Number of protein chains: 2
Amino acid sequence: MPTIKDVAKYANVSVATVSRVLNKKGYVSKEAEENVLKAIADLNYKPNSVARSLYHKTSKMIGLLIPDISNPFFPELARAVEDVALTYGYTVVICNTDEDIRKEAQYLEALQQKYIDGLILTTNQLSADNYENLGIPLVALDRQFSNRVPTVSSKNYEGARQATEYLIENGSEFIAHIRGPYHVKPADDRYQGFKDVVEEQGIAHIVVDCDFTMASAMEVTEGLFEKYSTIDAVFASSDIIAAGVLKVAKNINKRIPEDLQIIGFDGIPLGEMLTPALTTVAQPIYKMGALSARLLIKQIEKEPLDLINYEVKTTIQYRETTRSDT
Amino acid sequence: MPTIKDVAKYANVSVATVSRVLNKKGYVSKEAEENVLKAIADLNYKPNSVARSLYHKTSKMIGLLIPDISNPFFPELARAVEDVALTYGYTVVICNTDEDIRKEAQYLEALQQKYIDGLILTTNQLSADNYENLGIPLVALDRQFSNRVPTVSSKNYEGARQATEYLIENGSEFIAHIRGPYHVKPADDRYQGFKDVVEEQGIAHIVVDCDFTMASAMEVTEGLFEKYSTIDAVFASSDIIAAGVLKVAKNINKRIPEDLQIIGFDGIPLGEMLTPALTTVAQPIYKMGALSARLLIKQIEKEPLDLINYEVKTTIQYRETTRSDT
DNA sequence: CTGAAAGCGCTTACAG
DNA sequence: CTGAAAGCGCTTACAG
């Protein structure tokens, strides 16, 4: 690999001059510039980004902390982040934390040592300080942990309200909500939306706790149906949970949506592959990822942000696990 | 962030001495070592990996080139690579190439400029030279493009044979194979396995082409069933294709598995979420990813490899889209 | 056992 | 407009 010295020698100028044409910065005579450009082309020279990093203390890399890329919600998000990053010349490093505080800390340290330029967080086991002390731009995606950090999330509360109202409009009279983990903001908000609607309208309901995994959902659902056989609708806090509910419901021969309506949350591709296809409150996942990346890069490049809190709208995807309300 | 200089000053030694204790290399007196260690602890010093990179021309980063992380086959693979990498202190950079030659070239260049230590390839649009000229260790995963490059793949041919034999044992007499793209080695091998079995046994069959996407699978399947209504089994080249077949078959009210048996290939989690749950030839996806990472790191660290070609076994996951053969 | 010095490949004041 | 020099934070011969 040729270095800037080789280019300088070949073009009969100093390395400073080569650097100037590389960075289009400072005065360079037409002639010198041409020679340098020719040298670069002839030698197929590429500036070494590690050396640049060392000087600038930046890396053109951004980090993306997620719980687990195997969870189907995240690949699309990651994909969006990467697409935008690539456009602006950034490389993204995806870190699976498993919501484990030690893994998170380990990654944070590794990223910092690499002069990472910014970080998108969809998980936060550490305290806000730990992230802010990194001294780099941050974006909180689908989470919220500090009002100084720009945040992208969807209208979880409103989406949950709509889902619940829709179940009620379609005639359900005893609705279960299978909620996600406590202190995970989206799960809390969805729960709150559900609760407010059923209480306002005086609808019989029950809430049970669950992880965002299908195994956990199936276990919880089995217990639920055993105890409360008259449940006629389930609002699940995620599509993965809804898939578990659906599986169990079919196993015990509930007719869907006649006996039981199910509505999920997220809008991952899995939903439409199921039979019956899953009705769900869809988040614009790709858009959220792309927006986060954009916000992060704006901060890195010292551009002003219009807003600090971005809330995107959800849309109900009407499919086959709910009855039509017409 | 403190630097090695700060540590040296604090410990009253030279930076060379600090470096020696950092790298456990060269002679350092007990006393000096203790002072340095204390200084490191007191200042919370972390060596800067960019500076190390510049000197060593290595980065403790490995690249993973995949077509698209949104394709459900890859997250698990990526996850495995990352888990192993983390264990050995490497960071992985995932690159979505969309099988696009220009994106691939762009990533290759970016990775090279960052002194990436090695590369795992699940896609190869460029010629083998382009990768080998990088001068870094490589592993080909689920692809094969040069006999100098260590390769990890599953026994696609054998798996396909087993799948086909299983359908025949269960009484199918007219079997369709929906094959993946040409010149993608796994797709070719699966096709060959299918073809050999049906020809050996004299079974009526038909082969149609398809992409590894559900949309493409649905389109192809619709045409197929229209033309050949007596098809009584489908061997799909991937689970995503199989999911598309299943969807279409249910739409036109085929009973599964009574009227139509379906078997996929891959063993992605989606398969068991479907109803009926998909019978499939499962690859040990996580294991393949982990093995690739291990092989790559062995090469990076100049350890000898036992083999150059690793072929892992597939296993049929008997689920609900095939009839039992007992 | 230890430090001064050169070097990894770049960038940018500074002087001319 | 241009080059010599210092510096980014490390590592490693080299000399002592």
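Please read these numbers as outputs of a predicted model, since none were measured by experiment. A, B, ... follow the sequence lines: proteins, then strands. Residue 1 opens every chain.
Gln283(A) contributes atom CD, which lies 5.0 Å from atom CG of Asp266(A) (distance to the nearest 0.5 angstrom). Taking CD1 from Ile285(B) and CZ from Phe74(B), the interatomic distance works out to 9.5 Å, rounded to the nearest 0.5 Å.
Contact check, Ser14(A) against dA4(D): no side-chain N or O comes under 4.0 Å of OP1 or OP2. Contact between the side-chain N/O atoms of Lys5(A) and the OP1/OP2 oxygens of dG9(C) is not found at any separation under 4.0 Å. Residue Lys25(A) places no side-chain N or O under 4.0 Å from the OP1 or OP2 atom of dT11(C). OP1 and OP2 of dG9(C) both lie 4.0 Å or more from every side-chain N or O belonging to Thr3(A). The phosphate of dT2(C) (OP1 or OP2) has a side-chain N or O of Ser29(B) nearer than 4.0 angstrom. Between dT11(D) and Asn23(B), a contact under 4.0 Å exists linking OP1 or OP2 to a side-chain N or O.
For Ser19(A), counting side-chain heavy atoms from C-beta on, the closest listed nucleotide (dG9(D), dG3(D), dT11(C)) is dT11(C). In this structure, the nucleotide among dG9(C), dT2(D), dT11(C) sitting nearest to the side chain of Val15(A) is dT11(C). The side chain of Val13(A) lies closest to dG3(D), out of dG9(D), dG3(D), dC10(C). When distances run from any side-chain atom of Tyr45(A) to the nucleotides dT11(C), dC8(D), dC10(C), the shortest one goes to dC10(C). Nearest to the side chain of Val28(A), among dC8(C), dG9(C), dT2(D), sits dT2(D). Comparing atom distances between the Ala32(A) side chain and each of dC8(C), dT2(D), dT11(C) picks out dT2(D) as nearest. For Arg20(B), counting side-chain heavy atoms from C-beta on, the closest listed nucleotide (dT2(D), dA13(D), dC8(D)) is dA13(D). Proximity note for Lys57(A) (side chain, C-beta onward) versus dC8(D), dT11(C), dG3(C): the nearest is dC8(D). Each of dT11(D), dA4(C), dC8(C) was ranked by its minimum atom distance to the side chain of Ala16(B); first place goes to dA4(C).
Atoms CD1 (Ile4(A)) and P (dG9(C)) sit 11 Å apart, rounded to a whole Å. When the P atom of dT11(D) is taken as reference, atom NZ of Lys24(B) falls 12 Å away, rounded to whole Å. For the pair Tyr115(A) OH and dC8(D) C1', the computed distance is 7 Å after rounding to whole Å. Taking atom CD of residue Glu33(A) and atom C1' of nucleotide dT2(D), one finds them 14 Å apart after rounding to whole Å. Rounded to an integer number of Å, the gap from Asn48(A) CG to dG7(C) C1' is 14 Å. One interatomic measurement links the two molecules: OH of Tyr27(B) to P of dT12(D), which rounds to 16 Å at whole-angstrom precision. With rounding to whole Å, Leu22(A) atom CG is found 16 Å from dT2(D) atom C1'. In this structure, Tyr55(A) atom OH and dT11(C) atom P are separated by 9 Å, rounded to whole Å.
Across all strands, Lys30(B) comes closer than 4.0 Å to no nucleic acid atom at all (heavy-atom distances).
dA4(D) makes up no base pair with any nucleotide shown, lacking Watson-Crick or G-U wobble contacts both under 3.5 Å. The base-pairing partner of dA13(D), taking Watson-Crick or G-U wobble contacts with both distances under 3.5 Å, does not exist among the strands shown.
Position along DNA chain C of the nearest nucleotide to Ala51(B) versus Thr17(B) favours Thr17(B) as the more 5'-ward residue. With DNA chain C read from its 5' end, the first of the two nearest nucleotides for His56(A) and Val50(A) is the one closest to Val50(A).
Heavy-atom minimum distance, Cys95(A) versus Glu82(B): CA-OE2, 3.7 Å. Residue Ile300(B) comes nearest to Tyr90(B) through the heavy atom pair CG2-OH, 3.4 Å, listed as atom of the first residue, atom of the second, then distance. In plain terms, the two heavy atoms of Phe145(B) and Ala140(B) that are nearest each other are CE2-CB, 3.8 Å.
Checking each of Val18(A), Asn35(A), Val21(A) against Val28(A) for a side chain to side chain contact (heavy atoms under 4.5 Å, CB included) leaves exactly one that passes, namely Val21(A).
In Lys5(B), the NZ atom is not crowded: 12 or fewer heavy atoms of neighbouring residues, nucleotides or ligands sit closer than 6.0 Å.
Spacing of P atoms, dG7(D) relative to dA4(C), comes out at 16 Å, to the nearest Å.
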